[in-house]
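Reviewing the structure listed below.
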Amino acid sequence: MDFKQTIASALAQSCGLAAGELENWLETPPSPELGDYAFPCFKLAKTLKKAPPVIAAELAGTLTLPEGVASARAEGGYINFTLDKRALAKAVLERVSAEGERYGGSDLGGGKNVCIDYSSVNIAKPFHIGHLPTTVIGAALYRIYNHLGYHSVGINHLGDWGTQFGKMIVAYKRWGERETIERGGVDELVKLYVRYHQEVETQPSLDDEARAWFKRIEDGDAEALELFDWFKAITLKEVAEVYDILGVRFDSYAGESFYNDKMGRVVDELRKKNLLKLDQGAQIVDLSEYKMPPCIILRSDGATLYATRDIAAALYRKDTYDFAKCLYVVAYQQDLHFRQWFKVVELLGYPWAKDLIHVSFGMVSGTEGSFSTRKGNMVKLRDVLSAACEKTLAIIEQKSPDLDDKETVAGQVGIGAVVWSSLYNGRIKDVVFDWDAILNFDGETGPYAQYTHARACSVLRKANFVPSGAVDYAVLDDAESTAVIAAIAAFPDAVKEAMEKNEPYLVSRAVIAVASAFNKFYYEQRIMADDAAVRTARLKLTDATRTVIHIGLGLLGIAAPERM
RNA sequence: GUCUCCGUAGCUCAGUAGGAUAGAGCGUUCGCCUCCUAAGCGAAAGGUCGCGCGUUCGAAUCGCGCCGGGGACGCCA
C-alpha cells in the first residue's frame with residue numbers, strides 16, 4: 001500500500017488539484033513526532049489568496065482520512081499526517097515478507113538493456129587503488145539496474161591499444177625474460193615499462209623502434225601479435241583475480257583494439273553529414289557553437305584518436321545492445337572529453353545521444369599527491385584488500401575467537417570495508433587515500449552494516465524463527481520499532497533514486513539508516529520478550545531488517561555473513 | 001585567460017528537483033555488557049552553511065559577482 005498516494009488523492013478531493021502534483025509536494029517532516037508525511041500549504045497561498053496556516057486548517061478540517069491514516073493536523077503552514085502505526089507496520093513488513101530478496105526492486109526497466117562501461121583496466125599496467133571507484137561504482141550500478149528490472153551489460157573497455165605496446169615489445173626484446181614475466185606478472189611488465197622510459201632519455205631511437213613495432217601490431221604481424229596477446233593475457237589473469245575477490249563480472253571485454261576496424265564508419269558518417277573540417281592538418285568537428293574546443297577525429301597523420309574510438313564504440317553498442325542508457329563510469333578529469341563526443345553523436349543525428357551518460361567520480365590521490373605508475377608510488381588494490389583481510393582476521397581473533405571459518409568471514413568483512421569506502425559518499429568527492437580511513441570498521445561503515453546483519457541473524461537463529469503465522473502488528477508501537485519500520489519503508493525509494501542519479505551511495509545511506517535504527521531498537525527493546533505476541537512481532541521486524549540489509553549490501557557488492 | 005566541478009562542526013561527509021529549531025560518522029570528554037554479538041547504545045562539547053548582493057512568504061539549496069581549491073582546455077588515453 002502506498003500511503004503517499006492515498007494521502008495525495010485525499011488532498012486532491014479536498015482542494016481540487018491533481019493528485020500526481022500533490023504527491024510530489026508531500027514531504028517528510030523533520031522529526032517523527034510531527035508525523036509521517038507533511039503537506040506544505042505555502043504553494044497554495046497565492047492562488048487561494050489566504051494565509052498558509054488558514055489553508056492548512058481548512059483543508060485538514062474538510063479532509064476525509066483515508067484508511068491507514070490516523071490523523072491530519074494543521075501545524076504552521078503544514079498539514080501533518082500521521083499514519084496508523086499498526087497499518088504501516090503491517091503494510092511494510094508483509095511487503096518485505098512477500099517480496100523477499102526482490103524487496104526494493106521493480107520491473108521499472110522492462111528488461112531494457114543498460115550498458116555500463118566501468119573499471120576499464122589498462123593492459124600491462126598495475127591494478128591500483130585508483131581503479132577502485134570505477135570498479136565498485138560500476139558494479140553497484142550494474143546490480144541496482146538489474147534490481148529495477150533493467151538488463152545490465154557490463155563492459156570492460158580495455159586499454160589495449162596505443163604506442164605503449166610498441167614500447168613494451170622493445171623493452172621486452174632488449175631486457176625481458178619470458179620466464180621472469182610469467183612468474184612475476186604485471187609487476188615485471190611495469191619494470192620493463194619504467195626501464196624503457198629511463199633508457200629512452202639517452203637513446204631516443206628507441207621510440208622509432210617502438211613505433212615500428214606498434215605498426216607491426218596494427219598490421220597483424222605474427223610475432224608482434226603473439227607478444228601483444230601475451231601481455232594482455234598476463235594482465236587479465238591478474239585482474240581477474242581481483243574481480244573475483246570483489247565479485248565483479250563483465251559481459252564484454254571489448255576494448256580499444258576491438259574497435260580498431262570499426263572507425264571508418266565514424267569518419268564516413270561525419271563526412272557525409274558535412275561535420276568534418278580540416279584544421280591545422282587534422283580532421284575536427286567544430287564545437288565552438290557549443291562553447292567547447294573542437295573534437296579531433298583524425299590526427300594530421302591520419303590516425304584516429306580517443307574520441308573517434310569512443311564514438312565507434314557507442315555506435316557499436318547501440319547496434320548490438322540497443323541500450324536504453326549507456327553509462328561511462330569514468331573520473332571527472334574526462335568531463336570535457338565526454339561532453340564533446342556526446343555532442344558529436346548528437347550532431348550525427350542520433351536521438352539516443354541523450355542516453356549517453358558520463359557517471360563521473362572524484363580522483364584518488366595519495367597524501368603526497370597524485371599516484372603515478374612511472375613514479376611507482378601507487379598502492380596496489382590487491383595489497384589494500386589483503387591488508388583489510390589481515391586486519392579483520394586480527395579483530396575476529398580478538399572478538400569472536402570461536403567463530404567457524406574465520407578466514408572466509410575476515411575476507412568478507414575486510415573487502416566489505418574497502419568496497420564501502422568508495423560507495424558511502426557522493427561520487428564527485430575526491431579521495432585522499434589513507435590506510436586508517438579505508439581500514440576503519442567503526443561507525444557508518446560496511447562492517448557496521450554487516451555486524452548489524454549478523455546480529456539480526458543471531459537472534460533469529462536462537463529463536464528458531466519461522467516466517468509464518470499470524471502477527472499482531474499493533475505491538476510494534478514503540479518509538480524504536482517505528483523508526484526501524486520507517487527506515488525499511490524508505491528503502492525502495494532510495495534504490496530507485498540511486499538508479500535515477502547513478503549514485504550508489506543512496507543505497508549505502510539507506511542501509512545505514514536501517515542498521516542504525518535496528519541497533520537502537522535492539523538495545524532498547526528485548527526481542528525475545530516473554531510475551532509471545534510481542535516476541536513474534538519483534539522477530540518479524542528483525543527478519544525484515546535482516547532481509548533489507550542483505551539486499552542493500554548485495555546491491556553494493558558486499559557480502560553479508562550470518563556470523564562475525 | 002576560458003570552461004567546469006567543489007567550498008556545511010577540529011576531520012570526512014549527508015542535507016530528498018527552496019520549506020518547520022542545519023544532521024551523521026570519526027575524533028574529544030563522560031556514561032552503559034550477572035539479559036538476544038559492546039565491530040554496539042546513550043550523553044556532552046563543537047557551525048557567521050566561503051563572502052556579498054539579488055529572487056522569494058521562505059535560501060545551505062535558485063541567479064549574479066567576488067574569494068579559495070580541484071580538473072580540463074587539438075593531434076595521449
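Every chain is numbered from 1 and lettered A, B, ... according to where its sequence line falls, protein lines coming before strand lines.
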## Note on the structure
Rounded to whole Å, CZ of A:F338 lies from P of B:C73 at a distance of 13 Å
### Message
Show, in sequence, the C-alpha distance, side-chain angles and deciding distance for A:N519 and A:R455, and conclude whether the side-chain hydrogen bond (donor to acceptor under 3.5 Å, both in side chains) test is met.
### Response
CA-CA 9 Å; A:N519 281 323; A:R455 230 182 182 186; 2.8 Å; yes
### Message
Please classify the nucleic acid contact of A:E562 as base, sugar-phosphate, or nothing, using heavy-atom distances under 4.0 Å.
### Response
base
### Query
Contact class for A:P52 (heavy atom, under 4.0 Å): base, sugar-phosphate, or nothing?
nothing
### Query
Should the pair A:K496-A:D493 be classified as a salt bridge under the 4.0 Å nitrogen-to-oxygen rule?
no
### Task
Tell me the partner of B:C66, counting only Watson-Crick (N1-N3 plus N6-O4 or O6-N4) or G-U wobble (N1-O2 and O6-N3) with both under 3.5 Å; none if nothing fits.
B:G50
Hey, what are the protein-to-nucleotides 74-77 of chain B N/O distances that come in under 3.5 Å?
from: B:G74; atom 1: O6; to: A:D279; atom 2: OD1; distance (Å): 2.4
from: B:C75; atom 1: O2'; to: A:R299; atom 2: NE; distance (Å): 3.2
from: B:C75; atom 1: O2; to: A:S300; atom 2: N; distance (Å): 2.6
from: B:C75; atom 1: O2; to: A:S300; atom 2: OG; distance (Å): 3.2
from: B:C75; atom 1: N3; to: A:S300; atom 2: OG; distance (Å): 3.3
from: B:C75; atom 1: N4; to: A:Q280; atom 2: O; distance (Å): 2.5
from: B:C76; atom 1: OP2; to: A:R299; atom 2: NH1; distance (Å): 2.7
from: B:A77; atom 1: OP2; to: A:Y306; atom 2: N; distance (Å): 3.3
from: B:A77; atom 1: O3'; to: A:E256; atom 2: OE1; distance (Å): 3.1
from: B:A77; atom 1: O3'; to: A:E256; atom 2: OE2; distance (Å): 2.2

### Task
Provide the Watson-Crick or G-U wobble partner of B:C75, both distances under 3.5 Å; none if there is no partner.
none
### Query
Nearest to the side chain of A:Y522, which nucleotide is it out of B:A72, B:U37, B:A20?
B:U37
## Note on the structure
Regarding the side chain of A:R455, the nearest nucleotide among B:U37, B:C13, B:A20 is B:U37
### Query
Looking at the side chain of A:T392, which of B:C26, B:U12, B:A39 is the nearest nucleotide?
B:A39
### Message
What I'd like to find out is whether the side chain of A:Y505 reaches to under 4.5 Å of the side chain of A:R427, using heavy atoms alone.
### Response
no
### Task
Sticking with atom C1', work out how far B:G46 lies from B:U29, rounded to a whole angstrom.
12 Å
### Query
Quick one: A:L34 CG to B:U21 P, roughly how many Å, whole number?
10 Å
### Query
Hey, is B:G74 sitting syn or anti, using the within-90° cutoff around 0?
syn
## Note on the structure
Here the distance between atom C1' of B:A43 and atom OH of A:Y523, to the nearest Å, is 12 Å
### Query
Rounding to the closest angstrom, what is the interatomic distance between B:A59 and B:C76 at atom C1'?
44 Å
### Task
Using a strict cut-off of less than 4.0 Å between a Lys/Arg side-chain nitrogen and an Asp/Glu carboxylate oxygen, indicate whether A:K50 and A:E58 qualify as a salt bridge.
yes
### Query
Picking from B:A20, B:G40, B:U37, which would you name as closest to the side chain of A:A454?
B:U37
### Task
Evaluate side chain to side chain contact (heavy atoms under 4.5 Å, CB included) for A:R563 paired with A:R461, printing each intermediate quantity in order.
CA-CA 10 Å; A:R563 301 171 203 253; A:R461 195 167 49 236; 3.5 Å; yes
### Message
Determine whether the aromatic ring centres of residues A:F441 and A:Y451 are separated by less than 6.0 angstrom.
### Response
no
### Query
Which of these nucleotides, B:A20, B:G70, B:A14, is closest to any side-chain atom of A:M363?
B:G70
### Message
Ignoring hydrogens and geometry beyond distance, is the side chain of A:N519 in donor-acceptor contact with the base of B:A39 at under 3.5 Å?
### Response
no
### Message
Considering every strand and a 4.0 Å limit on heavy-atom distances, what is the contact class for A:L403: base, sugar-phosphate, or nothing?
### Response
nothing
## Note on the structure
Of the listed B:C41, B:U4, B:C6, the closest approach to the A:E524 side chain comes from B:C41
### Nucleotide B:C5, atom P - distance to CE of A:M292 in whole Å
13 Å
### Message
Pick the closest RNA chain B nucleotide for A:S516 and for A:E27 by heavy atoms, then say which residue is nearer the 5' end.
### Response
A:E27
### Query
If we call it a pair only when both distances are under 3.5 Å in a Watson-Crick or G-U wobble match, what pairs with B:C13?
B:G23
### Task
Could you walk me through whether A:R538 and A:F521 pass the side chain to side chain contact (heavy atoms under 4.5 Å, CB included) test, one step at a time?
CA-CA 10 Å; A:R538 287 182 180 164; A:F521 163 73; 3.9 Å; yes
### Task
Provide the distance between the two P atoms, one in B:U61 and one in B:G18, to the nearest whole Å.
12 Å
### Query
Hey, does A:Q525 reach any base, or is it just sugar-phosphate, or nothing, if we go heavy atoms under 4.0 Å?
base
### Nucleotide forming a Watson-Crick or wobble pair with B:U61, both distances under 3.5 Å
none
### Message
Taking B:C11 as the reference, what is the distance to B:U28 when you measure between their C1' atoms (whole Å, please)?
### Response
12 Å
### Query
Can you tell me how far C1' in B:U16 sits from the matching atom in B:A22, rounded to whole Å?
15 Å
### Query
Does A:D530 come within less than 4.0 Å of A:R535, counting only side-chain N to carboxylate O?
no
### Message
I need the minimum non-hydrogen distance between A:R546 and A:H453, along with the two atoms involved.
### Response
O-CD2, 3.5 Å
### Task
Quote, to the nearest angstrom, the P distance that separates B:U21 from B:G25.
22 Å
### Summary
By the Watson-Crick or G-U definition, both distances under 3.5 Å, B:A38 is matched with none
### B:C30, syn or anti by chi within 90 degrees of zero
anti
#### Entry: B:G23 versus B:C49 - spacing of their C1' atoms, nearest Å
12 Å
### Message
Please give the distance between the P atoms of B:C13 and B:G7 as a whole number of Å.
### Response
10 Å
### Message
Checking base pairs now: Watson-Crick or wobble, both atom distances under 3.5 Å. What partners B:A45?
### Response
none
### Message
Whether A:K429 contacts B:C5 is assessed here as follows: a side-chain N or O lying under 4.0 Å from the phosphate OP1 or OP2. Is that the case?
### Response
no
## Note on the structure
Taken to the nearest whole Å, OH/A:Y332 to P/B:A72 is 8 Å
### Message
Just the rounded figure in Å: distance from P of B:U56 to NZ of A:K43.
### Response
17 Å
### Message
Distance check needed: B:C41 C1' versus A:E444 CD, whole Å only.
### Response
15 Å
### Query
Taking only N and O in the side chain of A:K291, is any of them less than 4.0 Å away from OP1 or OP2 of B:U2?
no
### Message
Once you apply a heavy-atom cut-off of 4.0 Å, does A:A331 come out as touching a base, just sugar-phosphate, or nothing?
### Response
nothing
### Task
Compare the minimum distances between each of B:A39, B:A20, B:C73 and the side chain of A:Y451, then state the nucleotide with the smallest one.
B:A39
### Message
Nearest to the A:K399 side chain among B:A39, B:C57, B:C36, which nucleotide is it?
### Response
B:A39
### Message
A:H157 and ring pair (Phe, Tyr, Trp, His ring centres under 6.0 Å): which single residue from A:Y259, A:Y253, A:F258 fits?
### Response
A:Y259
### Query
Between atom CZ in A:R339 and atom P in B:C5, what is the gap in whole Å?
8 Å
### Message
With a 4.0 Å cut-off on N to O distance, would you call A:E346 and A:K343 a salt bridge?
### Response
yes
### Task
Tell me what A:P30 touches on the nucleic acid: a base, only sugar-phosphate, or nothing, going by heavy atoms under 4.0 Å.
base
### Query
Considering only side-chain heavy atoms of A:Y505, which listed nucleotide, B:C3, B:U12, B:G15, is closest?
B:G15
